[in-house]
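Below is one structure, written out as structure tokens; comments come after it.
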Protein chains: 2
Amino acid sequence: MKDAGKNGGTAGKTLGAQPAVKHSRIQTRNRKRILDAALEVFSAHGFRGATLDQIAAEAGLSKPNILYYFDGKETIHVTLLNQLMETWLDPLEQMNPEGEPLEEILAYVRRKLDMAQAYPRESRLFANEILQGAPRMGPHLEKRLKPLVDQKAALITEWAAAGRIAPVDPRHLIFSIWATTQHYADFEAQVNVLMPEGGVFPGAATYLEGMFRRMLKV
Amino acid sequence: MKDAGKNGGTAGKTLGAQPAVKHSRIQTRNRKRILDAALEVFSAHGFRGATLDQIAAEAGLSKPNILYYFDGKETIHVTLLNQLMETWLDPLEQMNPEGEPLEEILAYVRRKLDMAQAYPRESRLFANEILQGAPRMGPHLEKRLKPLVDQKAALITEWAAAGRIAPVDPRHLIFSIWATTQHYADFEAQVNVLMPEGGVFPGAATYLEGMFRRMLKV
DNA sequence: TCGTCAATTTACCAATTGGTAAAAAAGCGA
DNA sequence: TCGCTTTTTTACCAATTGGTAAATTGACGA
């Protein structure tokens with residue numbers, strides 16, 4: 001029922017998605033088209049709300065042709081999620097233990113907000129997945145996200161202990177950064193109703209910088 | 001294709017959902033059962049991810065029996081959303097113009113966090129709907145949510161102008177309150193992975209009170 | 001006890017949808 | 001140009017799912 005197809009089991013399952021094997025010119029191009037289309041459709045309708053026909057139409061390919069490139073709907077979704085996780089982790093990874101604590105955290109807020117603005121579809125895809133209880137992402141959260149968060153939380157705790165920022169629960173701090181920045185992407189439909197039309201992001205950037213600066217100032 | 005059934009068009013469409021007409025004992029009971037079941041299923045899987053069969057099973061009724069009480073899947077969903085909106089607005093409505101500004105806002109944060117804890121399914125139902133672009137809620141956001149937010153935003157602006165709280169963009173403040181509190185319900189799956197098991201809400205309450213207090217202190 | 005209306009079940013559809021088989025059409029190196 | 005592989009299309013399925021028709025059962029006042 002699953003795992004038909006292309007990749008003979010060369011190495012073990014990498015948890016990653018990319019086949020990591022052969023990729024002809026046209027393969028690369030069409031896989032990308034499909035993933036682009038799938039991002040558009042999945043982020044707008046969720047996993048079950050999206051149909052292969054929609055993705056096919058968006059990608060400009062036929063449905064069977066899409067299934068020539070990917071094992072099935074679920075495989076496409078998982079591939080997208082795995083790719084996304086790396087992009088998503090990056091801004092947090094950039095938080096530098098050697099830097100000035102307050103500025104490092106504020107820069108992180110800034111990067112997250114920039115991502116919400118630049119990649120709202122990715123944000124929504126992720127939000128959809130977590131909202132449904134992370135059915136296809138559980139392991140990834142454990143294996144990739146948790147260690148990174150643990151590490152950065154320890155760093156923030158050190159900074160606080162050294163009196164370089166105000167004492168805070170590092171995990172709740174991180175949650176509040178995620179929540180406030182991603183809100184502008186995930187709840188865009190609501191934000192657009194409530195904000196007097198026109199770029200909300202500049203105002204958001206100012207507001208959030210002010211808020212987290214006050215929060216962390218010793 | 002739609003709007004078959006029960007209610008002859010007595011008055012105009014109220015935008016609300018409740019038929020506002022006759023309700024026998026058993027009607028009341030079964031409608032409630034169905035809505036309870038639907039909340040469970042819709043909040044866990046989203047609109048398209050939920051099936052009438054699931055709702056029927058959860059409610060302990062047969063599918064055709066469910067369609068005897070509601071016109072269709074969409075009607076159930078809309079009914080739920082409309083009910084929810086009132087519950088959702090309530091904590092903001094309680095913000096008292098006569099009260100002490102900082103305490104009023106902190107109490108609002110507290111109420112929202114309590115709701116996220118007590119009604120996570122409602123929070124997720126709402127989040128799902130907004131994430132998909134509020135396809136069945138657009139009018140409601142305009143007509144009910146926006147006026148209230150406008151009013152409370154004006155109030156906060158007054159408070160700030162009077163120097164009773166620090167100057168802030170009231171709408172971004174409200175967004176950040178929504179985002180941070182609802183995060184614990186909507187992203188529960190993620191929070192549970194990252195927080196050392198055991199009630200996160202007490203810690204969240206402390207953290208958020210501290211954050212917004214610092215944010216608003218003059 | 002009966003008759004009537006409300007409530008429920010049984011038996012079905014028709015449309016949608018994820019997926020497959022196999023033939024046709026491109027690509028492309030020699 | 002030939003022959004072989006990769007890519008794409010055509011033609012289908014089987015399962016799921018929202019919804020309906022009609023028969024059946026239950027509630028209950030007269």
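Chain letters run A, B, ... following the sequence lines, proteins first and then strands; every chain starts at 1. For clarity, every value in this text was computed on a predicted model and none was experimentally measured.
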Quick note, L67(B) side chain, CB onward, closest among dG19(C), dT20(D), dT17(D) is dT20(D)

- Query: With a non-hydrogen cut-off below 4.0 angstrom, is A50(A) in contact with a base, only sugar-phosphate, or nothing?
  - Reply: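 The answer is sugar-phosphate, as A50(A) gets under 4.0 Å only of primed atoms, P, OP1 or OP2.
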
May I have the distance from [X] (atom [atom1]) to [N] (atom [atom2]), rounded to whole angstrom?
X: D71(B); N: dG19(D); atom1: CG; atom2: P; answer: 9 Å
X: R31(A); N: dT7(D); atom1: CZ; atom2: C1'; answer: 14 Å
X: L52(A); N: dA15(C); atom1: CG; atom2: C1'; answer: 17 Å
X: D53(A); N: dA15(C); atom1: CG; atom2: C1'; answer: 12 Å
X: I55(A); N: dG19(C); atom1: CD1; atom2: C1'; answer: 14 Å

> Are the side chain of Q54(A) and the backbone N or O of T51(A) linked by a donor-acceptor pair below 3.5 Å?
Replying inline: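 Indeed, once roles are kept as given, a pair shorter than 3.5 Å links the two residues.
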
Kindly say if [X] contacts the phosphate of [N], meaning a side-chain N or O under 4.0 Å from OP1 or OP2.
X: Q27(A); N: dT7(D); answer: yes
X: Y69(A); N: dT8(D); answer: yes
X: Y68(B); N: dA7(C); answer: yes
X: N30(B); N: dT8(C); answer: yes

Subject >> Close side-chain approach of F70(B) and R31(B), heavy atoms under 4.5 Å >> reply: yes

request  = Check DNA chain C against residues 57-66 of chain B and give the residues with a non-hydrogen atom under 4.0 Å, in numerical order.
outcome  =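 S62(B), P64(B), N65(B) - these, ordered by number, are the residues of the stretch whose heavy atoms sit under 4.0 Å from the strand.
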
| Does the separation of the ring centres of H45(B) and F47(A) fall below 6.0 angstrom? |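 No, they do not, as the ring centres are separated by 6.0 Å or more.
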
Sequence-distant partners of [X], side chain to side chain donor-acceptor pair (under 3.5 Å), two or more places apart:
X: Y119(B); answer: none
X: S43(B); answer: none
X: K32(A); answer: none

Quick test of your reading of the model: are [X] and [Y] salt-bridged, counting only N-O distances below 4.0 Å?
X: D150(A); Y: R171(A); result: yes
X: E74(A); Y: R136(A); result: yes
X: R121(B); Y: E40(B); result: yes
X: R124(A); Y: D186(A); result: no
X: E86(A); Y: R144(A); result: yes

So, with a heavy-atom separation below 4.0 Å from DNA chain D, the residues of residues 38-49 of chain B are none

Contact string for nucleotides 22-30 of chain D, one letter per nucleotide 5' to 3', B = base within protein heavy-atom range under 4.0 Å, S = sugar-phosphate only, - = neither, reads ------S--

